[in-house]
Amino acid sequence: LRDQHSNLAVYQGSIRVYMRTIKRLRDALLRTLMMERSKYPVLSDWGGINVKKLWRVGKVPTGRMFQRLDSNDKGGFVVDLLLDSSMSQKGREAFVAIQAYIITMALLEAGIPCRVTGFNSFLNFTVMKRFRNYDDPIKATENIFEYYCEGSNRDGLAIRSVCDSLYRRHEDNKVLIILSDGKPNDVRLQAKNGANAFRGVLTYSGGIAVADTTKEVRIARRRGISVLGVFT
């Protein structure tokens, strides 16, 4: 609760700036969607007859005598926002929460469903915190300000967890946006008095962690999910 009040206080301190940012991003999304869904005439081998080309019949080789309406409409969109909630983000909670809130509000106001999830790890366990689901009311977006940081992070497992449900959505275009510092590493805990190392802690670091995250991103993309990384 203390973290929520702290994050909200930072947001409220410059609320006009952030509200304008949400509006600009929303308007940009709406313009892009409108342009893609608009229809325009193109020459074709089928469709309605192109009257302007009828004079060519019997006089010159004719092709594409017809005209039809086309568009760049790619279908519906759905977005998942994944927030790294590990200790490496400590001290930046308010700014990460505000970034996530701006992106989510702009998407929702543009009519694009969005789910927001935070993740961190404690030893062998990865914890996923759901701030809002796809069909939650807009008011639920304020739950993002509950964002706080502790523990470590296993990015590969978090990405797999989110994508397993995301790829089942009916929308044609599925997007995963990850807000992270780019370090997919668990914290290294040192055992005391010569005891055995904590199980699973030292294995997920460095190249192993990067390779695992890379693998999950590639799997997600093969399943038709666009994965975007936003450095915080």
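Treat the numbers as computed from the prediction; the structure is a model and nothing was measured. Position 1 is the first residue of the sequence; numbering continues from there. Values below: all heavy atoms of this structure, side chains included; hydrogens, waters and symmetry mates excluded.
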Side chains of [X] and [Y], heavy atoms from C-beta outward: is any pair under 4.5 Å?
X      : Y      : result
Ile98  : Phe145 : yes
Leu33  : Phe77  : yes
Ser6   : Glu93  : no
Ser86  : Lys183 : no
Asp84  : Ile178 : no
Glu150 : Phe122 : yes
Leu157 : Glu216 : no
Gln89  : Leu83  : no

Just to verify, what does Asp155 make a salt bridge (Lys or Arg N to Asp or Glu O under 4.0 Å) with, not counting sequence neighbours?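 Asp155 satisfies salt bridge (Lys or Arg N to Asp or Glu O under 4.0 Å) with no residue once adjacent residues are dropped.
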
Applying salt bridge (Lys or Arg N to Asp or Glu O under 4.0 Å), can you list everything that pairs with Asp70, at least two apart in sequence or on another chain?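 In terms of salt bridge (Lys or Arg N to Asp or Glu O under 4.0 Å), with neighbours along the sequence ignored, Asp70 is linked to Arg68.
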
Quick one: closest heavy-atom pair of [X] and [Y], and the distance?
X      : Y      : result
Gln4   : Glu142 : NE2-O, 4.4 Å
Ala110 : Leu29  : CB-CB, 4.0 Å
Pro184 : Asn153 : CA-ND2, 3.6 Å
Leu166 : Lys174 : O-CD, 3.4 Å
Asp212 : Gly156 : OD2-CA, 3.4 Å

List the atom pairs, with distances to 0.1 Å, where a side-chain N or O of residues 18-26 and a protein N or O form a donor-acceptor pair under 3.5 Å, not counting sequence neighbours.
| from | atom 1 | to | atom 2 | distance (Å) |
| --- | --- | --- | --- | --- |
| Thr21 | OG1 | Val17 | O | 2.9 |
| Lys23 | NZ | Asp27 | OD2 | 3.0 |
| Arg26 | NH1 | Glu109 | OE1 | 3.1 |

Between atom [atom1] of [X] and atom [atom2] of [Y], what is the distance when rounded to the nearest 0.5 Å?
X      : Y      : atom1 : atom2 : result
Arg16  : Gln12  : CZ    : CD    : 12.0 Å
Cys114 : Asp135 : SG    : CG    : 11.5 Å
Thr141 : Leu108 : OG1   : CG    : 5.0 Å
Leu81  : Thr117 : CG    : OG1   : 8.5 Å
Ser180 : Leu82  : OG    : CG    : 8.5 Å
Arg154 : Asn120 : CZ    : CG    : 12.5 Å

Take Ser85 and Lys129 through the side-chain contact (heavy atoms from CB on, under 4.5 Å) test and state the conclusion after the steps. CA-CA 9 Å; Ser85 306; Lys129 179 176 175 59; over 6 Å; no

Tell me every residue that passes ring-ring contact (aromatic ring centres under 6.0 Å, His included) with Tyr147, counting only those two or more places apart in sequence or in another chain.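 So Tyr147 forms no ring-ring contact (aromatic ring centres under 6.0 Å, His included) with any residue.
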
Could I get the full list of ring-ring contact (aromatic ring centres under 6.0 Å, His included) partners for Phe131, not counting sequence neighbours?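 Testing Phe131 for ring-ring contact (aromatic ring centres under 6.0 Å, His included), a comparison that skips the adjacent residues, returns none.
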
Quick one: does any side-chain atom of [X] pair with a main-chain N or O of [Y] as donor and acceptor, under 3.5 Å?
X      : Y      : result
Thr104 : Tyr101 : no
Arg132 : Ile144 : no
Asn173 : Gly76  : yes

Atom CZ of Arg160 with >12 non-hydrogen neighbours under 6.0 angstrom: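 12 or below, so no.
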
If you apply the rule side-chain contact (heavy atoms from CB on, under 4.5 Å), what do you find for Phe66 with Ile49, and how did you get there? CA-CA 4 Å; Phe66 299 91; Ile49 295 177; 3.8 Å; yes

Treat each ILVMFWY residue as a node, draw an edge where side-chain heavy atoms are under 4.5 Å apart, and state whether [X] and [Y] are in one component.
X      : Y      : answer
Leu107 : Tyr134 : no
Val10  : Ile15  : yes
Ile159 : Ile177 : no
Leu179 : Met87  : no
Val116 : Tyr167 : no

Show me, pair by pair, the donor-acceptor contacts under 3.5 angstrom made by side chains of residues 218-227, not counting sequence neighbours?
| from | atom 1 | to | atom 2 | distance (Å) |
| --- | --- | --- | --- | --- |
| Arg221 | NH2 | Val227 | O | 2.9 |
| Arg223 | NH1 | Asp164 | OD1 | 3.1 |

